[in-house]
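Within every chain, numbering begins at 1; the chains are lettered A, B, ... in the order of the sequence lines, protein sequences first and strands thereafter. Note that the coordinates shown come from a computational prediction; the quantities given were computed from them, not determined experimentally.
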2 protein chains.
Amino acid sequence: MTYLRPAVGAPTASPPGKTLMSDKLQSLGISVYHEIRQDILMARLPPSQKLGLKFLSERYNCGASPIREALNQLTVEGWVVRIDKRGFFVADASPEDFADILHNRCFIEGEALRRSIALGGAAWEEEVLLTHFRMSNLDRREGDPSSADVAAWETAHRNFHKALISACGSRLMLENCARLYDLNIRYRVLARRKSHTSRRVSDEHDEIKTLTLRRDADGAVDALVRHYLATGDFLFPKD
Amino acid sequence: MTYLRPAVGAPTASPPGKTLMSDKLQSLGISVYHEIRQDILMARLPPSQKLGLKFLSERYNCGASPIREALNQLTVEGWVVRIDKRGFFVADASPEDFADILHNRCFIEGEALRRSIALGGAAWEEEVLLTHFRMSNLDRREGDPSSADVAAWETAHRNFHKALISACGSRLMLENCARLYDLNIRYRVLARRKSHTSRRVSDEHDEIKTLTLRRDADGAVDALVRHYLATGDFLFPKD
DNA sequence: GGTCGCAACTTTATCGACAATTTCAGGATT
DNA sequence: AATCCTGAAATTGTCGATAAAGTTGCGACC
C-alpha cells in the first residue's frame with residue numbers, strides 16, 4: 001500500500017524517473033489542510049456547510065485521518081466549528097463578525113505600521129517600495145482579468161500589506177495580522193465584489209506607501225485605517 | 001473493546017450503577033488536549049521537550065490518534081512546534097518571546113479595557129466588583145498557601161482580568177487576551193516566582209478596579225499597563 | 001585517524017476496521 | 001393530529017497494524 005497520491009489538479013502521470021525521496025513531500029494532512037482552508041476562504045465551501053468525514057474523504061481523495069488532522073487545525077484557527085460527537089461545520093459568517101474583523105485589523109495593523117515606521121531600516125523601505133511597485137503594475141491592466149490575474153493581484157496585494165508591517169518587531173502581531181487578513185478575504189469573496197477593480201484602490205495604496213516612506217506615522221496609519229474602513233463600507237454598505 | 005478510561009487522577013473504581021450514556025463525556029482527544037496544555041502551561045513538560053507519540057501514549061494512557069489530535073490543536077495555538085516527519089516538541093521559551101507577549105498584552109488588553117469602560121453597563125460593573133472582591137479575599141491569607149489555594153487564586157485572578165475587559169464588544173479581542181494570558185502564565189511558572197505573594201499586587205489590582213469603576217479610562221489603562229510591566233520586570237529583572 | 005556510506009532500528013503518518021453515539025424514519029399511543 | 005418511543009442507518013471517535021520516512025551505529029575506505 002502506498003500513501004502517495006496524485007498532486008491536486010495535476011495529471012496522474014508521475015514526473016520522469018526518480019521519486020525524489022525526501023524532496024519537500026509534505027505530509028498528506030498538511031496539504032489537505034491547505035486545500036480545505038483555501039476552499040473555505042474562497043467560499044467554495046459555504047458557511048455552515050456540514051463537513052462530514054466521508055464527504056471530505058472523497059472530495060480530497062484520502063483517508064479519514066488526514067482529514068481529521070486538517071479539521072482540527074482549522075477549528076483552532078476559527079475556520080471550522082466542531083460540535084463534539086456531532087461533526088465539523090464551516091464557521092458561520094455574519095455582519096457582526098465581519099465588523100469585528102475589520103475593527104481589529106484597523107487597530108492592530110495600524111499599530112504594527114506605526115512600529116514599522118519607527119523601527120524599519122533600509123531593507124524594509126526597499127521591500128515596501130518593491131512590493132508596491134509590483135502590485136501597481138498588475139493594477140494597470142484594465143478589462144476583464146483572467147482568474148490567473150486575480151490570483152496574482154491577490155498575492156501581490158498580500159505581500160504589500162505584509163511588507164508594510166514587516167518591521168514592527170513583534171511575531172505575535174504579524175501572526176495576528178496574517179490571520180485577520182485571511183479572515184477578511186473570505187468576506188470579500190462572500191460579498192462577491194472585487195474591490196480592487198471597482199474603486200480607486202490604487203490611489204489609496206499610493207497614499208499609504210508615500211506617507212509610510214515619508215515616515216509620517218500618523219498620516220500613514222490614518223490612510224491605512226481609512227483604506228480598510230472604505231473597503232468595509234464597500235463590501236457591506238448598510239453597516 | 002471500550003474507549004472509556006478512568007478519569008485523570010481518579011481512582012479506577014467506576015461510579016455506581018448507570019453508565020450515563022451521553023452525559024457530558026467529551027471525546028478523548030479533547031480531554032487529552034486539555035491535559036497536555038495544562039502540563040505545558042505548568043512547565044511539567046519543559047520547553048523544547050520532545051513529544052514522542054509513544055511517550056505521550058503511555059503518559060496519558062490512550063492510543064496515538066487522540067494524541068495526534070491534541071498535538072495538532074496545540075501546534076496551531078503555539079504551545080507545540082511541529083517539524084514535518086520529525087515529530088512534535090514543546091515550544092521554545094525565550095526572553096524575547098516573553099517580551100513580545102508582555103507588550104502585546106499591554107497593547108491589546110489596554111484597548112479592550114478602554115472599550116469596556118466606554119461600553120460596559122451595570123451588569124459589567126457588578127461583575128468587576130464581584131470578581132475583584134473574591135480575589136481580594138483569597139489575597140488576605142498569608143503564610144504558606146497550599147497548592148489548592150494557589151489554584152483558587154489563579155482562577156480568581158483570571159476571572160478578574162477577564163471581567164475587566166468582558167464588555168469590550170469584540171470576540172476576537174477577548175480570544176486574543178485569553179490566549180496571551182495563558183502564554184504569560186507559562187513564563188510565570190518557568191520563572192518559578194509567585195508574583196502575587198511577593199509584591200504589593202493587591203494594591204495594583206485595587207487601583208485598576210477603582211479607576212475602572214470610576215470610568216477613568218486613561219487612568220485605568222495606565223494602571224493596567226504599569227501592573228503588567230511591573231510583573232514583567234519582576235519575572236525577568238534584566239530586560 | 002577521520003569521513004563516508006550502508007544497514008538495522010526507531011518513529012511518524014496513514015489506513016482500514018470497529019465501537020459508541022447521534023440522527024432519522026416509522027409506528028404505536030393518547 | 002401530535003407526541004413519544006423504538007430500531008435501523010449513518011457518522012464520529014478510537015484503535016492496532018502497516019508503510020515510509022528519519023536516525024543511529026558500525027565498518028570500510030581514503
| message | Rounded to whole Å, how long is the line connecting atom OH of B:Tyr33 with atom P of D:dG13? | response | 16 Å

| Backbone N/O of B:Leu172 and side chain of A:Asp100: donor-acceptor pair under 3.5 Å | yes

| field | Length of the line joining A:Glu58:CD and C:dC15:C1', which is rounded to integer Å | value | 16 Å

| task | May I ask you to decide whether A:Glu111 forms a salt bridge with A:Arg115, counting only side-chain N to carboxylate O separations under 4.0 Å? | result | yes

| query | Of all the nucleotides listed (C:dA13, D:dG13, C:dC15), which has the minimum atom distance to the side chain of A:Ser27? | reply | C:dA13

| remark: Separation of D:dC15 atom P from B:Tyr60 atom OH, nearest Å, is 16 Å

Using atom names, set out every protein N or O paired with an N or O of nucleotides 10-12 of chain C below 3.5 Å, distance rounded to 0.1 Å.
residue: C:dT12; atom: OP2; partner: B:Leu53; partner atom: N; Å: 3.3

| task | Grab the CG-P distance between A:Leu71 and D:dT14 for me, whole Å please. | result | 14 Å

| request: For B:Glu69 and C:dA13, give me the distance from atom CD to atom P, rounded to whole Å. | output: 15 Å

| task | To the nearest Å, give me how far apart CD1 (A:Ile30) and P (C:dA13) are. | result | 8 Å

| Just how far, in rounded Å, is C1' of C:dT14 from CG of A:Asn72? | 15 Å

| CD of A:Gln73 versus P of C:dA13: gap in Å, rounded? | 11 Å

| message | Closer than 4.0 angstrom, basic N to acidic O: yes or no for A:Glu175 and A:Arg179? | response | no

| message | For A:Glu69, is there an ion pair with B:Arg82 - N to carboxylate O distance below 4.0 angstrom? | response | yes

| message | Among residues at least two apart in sequence or on other chains, which ones pass ring-ring contact (aromatic ring centres under 6.0 Å, His included) with A:Phe160? | response | A:His132, A:His205

Determine all donor-acceptor pairs shorter than 3.5 Å in which one atom belongs to a side chain in residues 41-52 of chain B; sequence neighbours excluded.
residue: B:Arg44; atom: NE; partner: B:Asp39; partner atom: OD1; Å: 2.7
residue: B:Arg44; atom: NH2; partner: B:Asp39; partner atom: OD1; Å: 3.0
residue: B:Ser48; atom: OG; partner: B:Asp92; partner atom: OD1; Å: 2.1

